[in-house]
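These notes are about the structure you will find just below.
Only heavy atoms go into these numbers, but all of them, side chains included; no hydrogens, no water, no symmetry mates. Per chain, numbering begins at 1; letters A, B, ... match sequence-line order.
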Amino acid sequence: MGVTVSAELRITLAGAERVVAAGTTAGDALEADGRAVVAARVNGELRDLYHQVADGDVVEPVEVGSPDGRAIVRHSTAHVMAQAVQELFPEAKLGIGPPVENGFYYDFDVKQPFQPDDLKRVEKRMREIVKQGQTFQRRPVTDEQAREELAAEPYKLELIGLKGGADAEESVEVGGGQLTIYDNLDPKDGSLCWKDLCRGPHVPSTRSIPAFKLMRSGGAYWRGSEKNPQLQRIYGTAWESREKQDEYLHLLEEAEKRDHRKLGAELDLYSFPPELGSGLPVFHPKGGIIRKQMEDYMRQRQLEAGYEFVNTPHLTKSSLFETSGHLPWYGEDMFPAFELDGTEYRVKPMNCPMHNLIYRARGRSYRELPLRLSEFGSVYRYEKSGVVHGLTRVRGMTQDDSHIYTTREQMTDEIKSLLNFVLSVLRDFGLDEFYLELSTRDDSDKFIGEQADWDEATQALRQTAEESGLTLVDDPGGAAFYGPKISVQAKDAIGRTWQLSTIQLDLNQPKRFGLEYQAADGSRQTPVMIHRALFGSIERFLGVLVEHYAGAFPAWLAPVQVVGIPIAEAHAPYLHDVAKKLKAHGIRVEVDSSDDRMQKKIRNAQKQKVPFMLLAGDDDIAAGAVSFRFRSGEQKNGVPVDEAVAEIIDAVERRVQV
RNA sequence: GCCGACUUAGCUCAAUCGGUAGAGCAUCUGUCUUGUAAACAGAAGGUCAGGGGUUCGAUUCCCCUAGUCGGCUCCA
């Protein structure tokens with residue numbers, strides 16, 4: 001650090017050069033009060049507003065509502081929470097406390113896990129700290145100083161020890177360089193209220209935290225490894241304004257209303273009988289008809305796209321999974337073996353080995369490739385008890401599973417057309433915002449096969465992903481054990497993303513199974529195998545659709561498409577005639593001839609989220625018409641029956657939402 | 001699997017500071033039927049998740065098991 005004694009400095013502010021006095025802080029230069037602007041970007045680096053600018057610096061404001069601004073507010077709120085926790089629970093040891101999407105967390109080592117009442121007390125204390133307006137002051141320290149000051153914080157000491165190590169990841173506590181401690185000072189007398197090892201930056205004062213709320217607590221392994229001790233994590237959210245926070249909380253409420261577990265019960269789609277065991281759903285008739293629609297449509301699209309359908313059993317001799325490599329690499333996720341006639345059997349967790357046997361059942365020619373085998377295959381996976389969740393994480397599921405065998409030359413083109421196919425089908429189900437994730441191997445030993453093969457496969461996937469024009473996110477270490485994959489992440493109606501389709505390249509199994517084809521030159525070659533699950537699993541996809549549509553399916557998927565509601569009992573036969581016409585076109589229609597009042601019938605149909613209600617009373621009958629009521633509550637009266645039928649058929653055929 | 005909370009009628013939820021439980025909706029029965037989100041009346045429905053323990057007595061207190069929920073790890 002050169003020491004320049006000068007009264008004036010030249011800095012660039014908002015693109016314009018300015019001269020300021022020496023000792024000017026970024027906050028002064030930006031005329032920031034810590035409300036709208038909470039930090040500064042100096043020469044591209046985020047800094048506190050207290051940071052003193054130097055000659056030649058380029059200084060920009062960090063708005064509280066910007067992504068960086070929010071992260072800083074959240075990070076500072078995490079500090080306030082940690083201070084409150086340590087005041088209320090003096091024995092609590094600090095873990096880490098970073099900002100995360102929509103909020104922040106802080107991990108603590110405490111003797112007793114936090115109870116809901118504890119969170120209330122912590123939050124109350126936090127509000128006091130925020131009101132007090134403690135300032136965040138940055139103080140560079142040497143490693144030795146830091147160790148001394150944080151002698152009572154074993155986890156922080158561990159982080160100091162990790163700093164600068166060969167594989168040190170950037171964290172909010174320690175970054176590669178100089179350690180810093182943030183002191184929280186009383187604004188009245190400047191006395192120290194609390195301190196934490198932290199890179200910062202922070203908001204200037206706890207008063208700069210506009211809105212926050214503690215959300216929940218739970219266990220979390222130290223540094224994310226189940227081999228480490230478990231700490232207690234408290235999650236909170238923080239925002240640039242009360243309004244933004246309320247918006248977020250409202251979104252959470254909306255998500256809760258759409259919960260597919262709740263809607264599944266209300267709409268009588270599926271259930272999870274405890275008698276069967278965890279993660280083993282059953283589909284009721286109304287859920288079953290949705291599945292049938294999904295499956296029928298998938299079959300049709302696959303036929304058009306050159307797929308062939310196969311069927312394979314649920315069970316196999318264990319040795320098949322030794323050949324495939326599943327047992328050593330995936331065995332822990334499989335149901336345990338059982339013995340029959342002295343031979344060990346397994347329930348299958350994946351369909352691919354069986355499809356390989358179909359491929360291998362006879363000699364294959366290059367003329368047959370790409371060979372696309374497809375099956376709705378039931379697989380069973382031993383998911384750990386704590387992760388089973390509704391339809392999105394089950395132990396028994398149906399994959400719409402395809403395995404495509406190609407030559408290496410065809411591989412890239414095939415992936416490209418696969419990705420287009422996948423996206424086009426997802427769009428037909430009403431999902432139209434996507435991004436891609438490329439999961440690759442890392443140096444962990446859970447991956448099998450030659451690096452050169454992985455490189456080639458990864459390159460083919462990356463090229464396709466990049467050409468798609470969709471956002472591509474890297475996911476190192478996320479690959480399947482046998483090969484890299486692209487997964488399609490779809491955004492739902494309220495902006496949440498779900499991992500759906502995957503396209504996985506496999507250069508291993510073809511070798512392990514000795515798969516071959518005869519090339520044009522007469523030589524024997526090994527095909528490339530592509531695993532492709534479009535829905536992910538039919539169960540999960542249905543769960544996602546339930547949440548996406550909040551249970552109000554477009555007519556082509558709705559279990560009951562039309563309910564006929566007579567104004568009085570006498571009008572029921574007329575509606576039965578209308579229903580007959582609709583049924584002739586394959587429409588799923590019911591006439592509510594219960595002895596409920598008409599208003600009650602409407603209420604019931606509305607609660608079941610039926611797309612079309614057809615009412616008929618004297619006026620309609622006289623005119624040979626029916627009256628529509630839609631889910632919106634909107635009505636269309638006196639529609640001639642043929643027109644009504646045509647309108648309904650049209651909505652179903654075009655697969656539109658109504 | 002790990003940490004925590006929870007489990008009362010088909011559903012949503014009460015109650016009992018330890019003396020074996022109640023409502024609304026749904027169901028069934030009956031009466032009544034006319035225009036866009038709940039007619040009226042009655043009946044039936046629970047070994048208070050399952051098992052063990054403490055106690056004169058357990059739905060209530062303790063332990064175990066299962067399941068659910070929220071996290072972690074993992075994952076389609």
**Item:** Distance-only donor-acceptor test (3.5 Å): side chain A/Gln230, base B/C2
**Value:** yes
**Message:** Does the Lys NZ or Arg CZ of A/Arg395 fall within the cation-pi geometry relative to A/Tyr382 - under 6.0 Å from the ring centre and within 45° of the axis?
**Reply:** no
**Message:** Of the listed nucleotides (B/G1, B/C75, B/C32), which one gets closest to any side-chain atom of A/Tyr221?
**Reply:** B/G1
**Request:** Would you mind classifying the nucleic acid contact of A/Lys485 as base, sugar-phosphate or nothing, using non-hydrogen atoms under 4.0 angstrom?
**Result:** sugar-phosphate
**Request:** Report which part of the nucleic acid A/Tyr235 touches: base, sugar-phosphate, or nothing (heavy-atom distance under 4.0 Å, all strands).
**Result:** sugar-phosphate
**Message:** Does B/G70 have its OP1 or OP2 closer than 4.0 Å to a side-chain nitrogen or oxygen of A/His389?
**Reply:** yes
**Request:** Check whether NZ of the Lys or CZ of the Arg A/Arg233 lies under 6.0 Å from the centre of the six-membered ring of A/Tyr105 and within 45 degrees of that ring's axis.
**Result:** yes
**Asked** Is A/Gln293 reaching over with its side chain to a backbone N or O of A/Gly288, donor-acceptor style, under 3.5 angstrom?
**Response** no
**Prompt:** Looking at B/G35, does its base get a donor-acceptor pair with the side chain of A/Ser627 below 3.5 Å?
**Reply:** yes
**Request:** Determine the stems involving RNA chain B; a stem requires 3 or more consecutive pairs of the Watson-Crick or G-U wobble kind, each with both distances below 3.5 Å, and the answer is none if no such run exists.
**Result:** B:1-7 with B:66-72, B:10-13 with B:22-25, B:27-31 with B:39-43, B:49-53 with B:61-65
**Request:** Could you work out the separation of B/A9 and B/U65 based on their C1' atoms and round it to a whole Å?
**Result:** 24 Å
**Test item: side-chain donor near acceptor, A/Gln115 and A/Asp117, under 3.5 Å** = no
**Pair of N/O donor and acceptor under 3.5 Å linking B/C75 base with A/Arg381 side chain** = no
**Item:** Shortest side-chain distance from A/Asp595, nucleotide among B/G35, B/G1, B/U31
**Value:** B/U31
